[in-house]
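Structure, as structure tokens:
Everything numeric here is computed off the predicted structure, so don't read it as measured data. Just so it is clear, the values below take in all heavy atoms, side chains as well, and ignore hydrogens, waters and symmetry mates.
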Amino acid sequence: MREYMRIAKAQTANQCPNHPAVNAARVQFVLCNFRLSFHPSSFTLHPFMIPPRVRFAPSPTGYLHVGGARTALFNWLYARSLGGQFILRIEDTDEARNTEAAMRAIFDGLRWLGLDWDEGPEAGGEYGPYFQSQRKSIYDTYLAKLEAAGRVYEDNGAIRFKFSRESVTIPDMICGDIKFAATEEPDMTIRRPDGGYIFHFVNVVDDIEMRVTHVIRGEDHISNTWKHIDLCRALGAEPPVYGHIPLILNPDGSKMSKRDEGASVAGYMDAGFLPAAVFNYLCLLGWTPRLPSEIITSEDAIQAFDISEIHHSNARFDMAKCTWLNQQHLRALTGHALVEQARPWLEKSGLQVGDPAYAARALESVKEKVSLAREFPGWTHFFFREDFPSEEEATTKLKANTQSQQLLYALGDALKNAPGWDEASLTQTINSVATEQKIKPGALMPLLRASLSGQMRGPDVKVMMGVLGRDRVISRISRVASTIAQS
RNA sequence: GACCCCUUCGUCUAACGGUUAGGACACAUCCCUUUCACGGAUGCGAUACGAGUUCGAUUCUCGUAGGGGUCGCCA
């Protein structure tokens, strides 16, 4: 197998030397088909084989689960890396779950992550409708095929599909060959007495109808796959190629369900995660992009994606690493992008962003200290208002030193007459005050910090002074100095 | 219970059958420093167990144990 891969890569590289990534991906695609359809001895390369059509088919449960999001992500990467189509189909045959809000959660989550679909709700496409609730007549037609083939029978008003009961070997793009012995499981119900169709049936029919070539889904479906293939063949269609990806578990190894930390994509939005970071983390859970850094963009992922490299074992969710990645991505933001990322959180805290250039400088002064965007207000609120609170610790610091008031007045006077407001001038000014007062320059810093921000941790003091500007700095210093006098 | 998937540091993972079993996160210590971070350095820490094949096994085979999944008139 490895040898075929090597030859295939060499051949496609020759054909299209300008697009090595596309070629590597194409080879992968070819090989996945090859695994299914060809014996090694008859292996031939088909570099211009039709691009894959994959789909993400969630049920509108009211939220987008990270496991589902990662399934969508791997499907999307597969399509994007091979120039194929990514289809979104809503499996809403269970009418109780079929609400507009439940649907929105899925659309919003996917869009937030940047997983755009080529066909599906709000995108159109020639194989619609993309809601199973609107496809009943199609299912009726396919049921008739099964009836004609003598593969169904009625059971108390429900309709069951007669299994062929043969042992099968399923070539899985990720797990390799999976063998299933002939089963004694009861035949599968495909339609309820009320006429509603069951998941397994509609899922298979839609994949046939929508020309889906590759089904990439959660490992929880491995055991259902032989049934789907059986159904597919009974309908006279060639089954798609399957690939089963491992599940995401809680840190303790249990199954991740709705209320668990990190389970809902909306939770990441609410916590101030960057979509790029969550995208990045999901890539790393179950797949190792062979890139120099673990910090990657979606473009990197598309370039590097190789479905055969997806792992076979379940992975536990690690919020600490996801948060670290968010910090890494946050650091890469500058100017406008940084302001827009922080804006909702600042406004939610009642802060007016105002001049974007000023806001950008304020945010950049702390961005390396922030892990999640929602932490921005806590670090920068004093840049955006004069009536900021003074924390207990800062007040104590100012009052503990009997010289505080005198030092602040001296600083205020010196800063008023500082020759400039750049870092060098500020350093010079502060140093000369320190010399005058016979103390170390470092001793002035906490006083300045407390006076200017009301807290004992924050941006570099001189950077903070630079952003605030001379007028605000002097007025804050004198205000604090006089407050100390009153108390 | 039957069937299927899986098993390397706490977590995510790397290692043509030959490596002092590598990296990232987390943790600890130190350096840098006005704070908090970033950055740098160091440390802690793993091949589930038992057989077999082999000169040699994390790697291949079998068994055991453990984890996960499927077996709906849910999706």
Nearest to the side chain of [X], heavy atoms from C-beta on, is which of [options]?
X: A:Glu294; options: B:U7, B:A75, B:A24; answer: B:A24
X: A:Asp460; options: B:U34, B:U13, B:U70; answer: B:U34
X: A:Pro193; options: B:C73, B:U13, B:U70; answer: B:C73
X: A:Met445; options: B:U34, B:U11, B:U7; answer: B:U34
X: A:Glu219; options: B:A26, B:U70, B:C5; answer: B:C5
X: A:Ile222; options: B:C4, B:U35, B:A26; answer: B:C4
X: A:Phe199; options: B:U13, B:U35, B:A75; answer: B:A75
X: A:Val461; options: B:U34, B:G69, B:C4; answer: B:U34
X: A:Gln328; options: B:C73, B:U70, B:G39; answer: B:G39
X: A:Gln327; options: B:A75, B:A24, B:C38; answer: B:C38

Under 4.0 angstrom between [X] side-chain N/O and [N] OP1 or OP2:
X: A:His312; N: B:C6; value: yes
X: A:Arg290; N: B:A15; value: yes
X: A:Arg160; N: B:C73; value: yes
X: A:Thr288; N: B:A14; value: yes
X: A:Arg192; N: B:A75; value: yes
X: A:Thr93; N: B:C74; value: no
X: A:His221; N: B:G69; value: no
X: A:Arg331; N: B:G39; value: yes

Could you check which nucleotide pairs with [N] in any of the strands shown, counting Watson-Crick or G-U wobble with both distances under 3.5 Å?
N: B:C27; result: B:G43
N: B:A51; result: B:U61
N: B:C16; result: none
N: B:C32; result: none
N: B:C3; result: B:G69

Using atom [atom1] of [X] as one end and atom [atom2] of [N] as the other, report the distance to the nearest whole Å.
X: A:Asp252; N: B:U11; atom1: CG; atom2: C1'; value: 12 Å
X: A:Glu154; N: B:C73; atom1: CD; atom2: P; value: 15 Å
X: A:Ile170; N: B:C4; atom1: CD1; atom2: P; value: 11 Å
X: A:Met188; N: B:U70; atom1: CE; atom2: C1'; value: 13 Å
X: A:Leu284; N: B:U13; atom1: CG; atom2: P; value: 9 Å
X: A:Asp230; N: B:C3; atom1: CG; atom2: P; value: 19 Å
X: A:Leu448; N: B:U33; atom1: CG; atom2: P; value: 19 Å
X: A:Glu261; N: B:U11; atom1: CD; atom2: C1'; value: 14 Å

Under 4.0 Å, heavy atoms only, any strand: does [X] hit a base, just the sugar-phosphate, or nothing?
X: A:Gly218; value: nothing
X: A:Asp194; value: nothing
X: A:Phe201; value: nothing
X: A:Lys255; value: sugar-phosphate
X: A:His311; value: sugar-phosphate
X: A:Phe317; value: nothing
X: A:Gly458; value: base
X: A:Asn224; value: base
X: A:Lys367; value: nothing

Could a donor-acceptor pair under 3.5 angstrom be found where the side chain of [X] meets the base of [N]?
X: A:Lys369; N: B:C36; value: yes
X: A:Ser223; N: B:G69; value: yes
X: A:Arg316; N: B:U11; value: no

Can you tell me, in whole Å, how much space there is between the [atom1] of [N] and that of [M]?
N: B:U29; M: B:A37; atom1: P; result: 13 Å
N: B:G43; M: B:U53; atom1: C1'; result: 39 Å
N: B:G45; M: B:G39; atom1: P; result: 25 Å
N: B:U61; M: B:G66; atom1: P; result: 22 Å
N: B:C12; M: B:C73; atom1: C1'; result: 41 Å
N: B:U59; M: B:U7; atom1: P; result: 11 Å
N: B:A26; M: B:C32; atom1: C1'; result: 22 Å
N: B:C9; M: B:C49; atom1: P; result: 10 Å

Whether the [X] and [Y] side chains hold a donor-acceptor pair (N or O, under 3.5 Å, no angle test) is what I'd like checked.
X: A:Asp140; Y: A:Ser137; answer: no
X: A:Thr169; Y: A:Asp177; answer: no
X: A:His221; Y: A:His244; answer: no
X: A:Arg217; Y: A:Thr225; answer: yes
X: A:Asp206; Y: A:Tyr139; answer: yes
X: A:Gln406; Y: A:Gln437; answer: yes
X: A:Tyr127; Y: A:Glu209; answer: no

So, do A:Phe273 and A:Val265 sit near enough that their side-chain heavy atoms are less than 4.5 Å apart?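 A:Phe273 does not reach A:Val265 side chain to side chain.
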Relative to the 5' end of RNA chain B, which residue comes earlier, A:Leu249 or A:Glu368, by the nucleotide with the nearest heavy atom?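 It is A:Glu368, whose closest nucleotide lies nearer the 5' terminus.
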Could you check A:Pro459 against A:Ser313 and say which one's nearest nucleotide on RNA chain B is further toward the 5' end?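 So the residue in question is A:Ser313.
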Would you indicate whether A:Lys227, at its atom NZ, is surrounded by more than 12 heavy atoms from other residues, nucleotides or ligands within a distance under 6.0 Å?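 Check passes, neighbour count above 12.
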Ion pair A:Asp187/A:Arg165, N-O distance below 4.0 Å: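 Here A:Asp187 pairs with A:Arg165 in a salt bridge, since their nearest N and O are under 4.0 Å apart.
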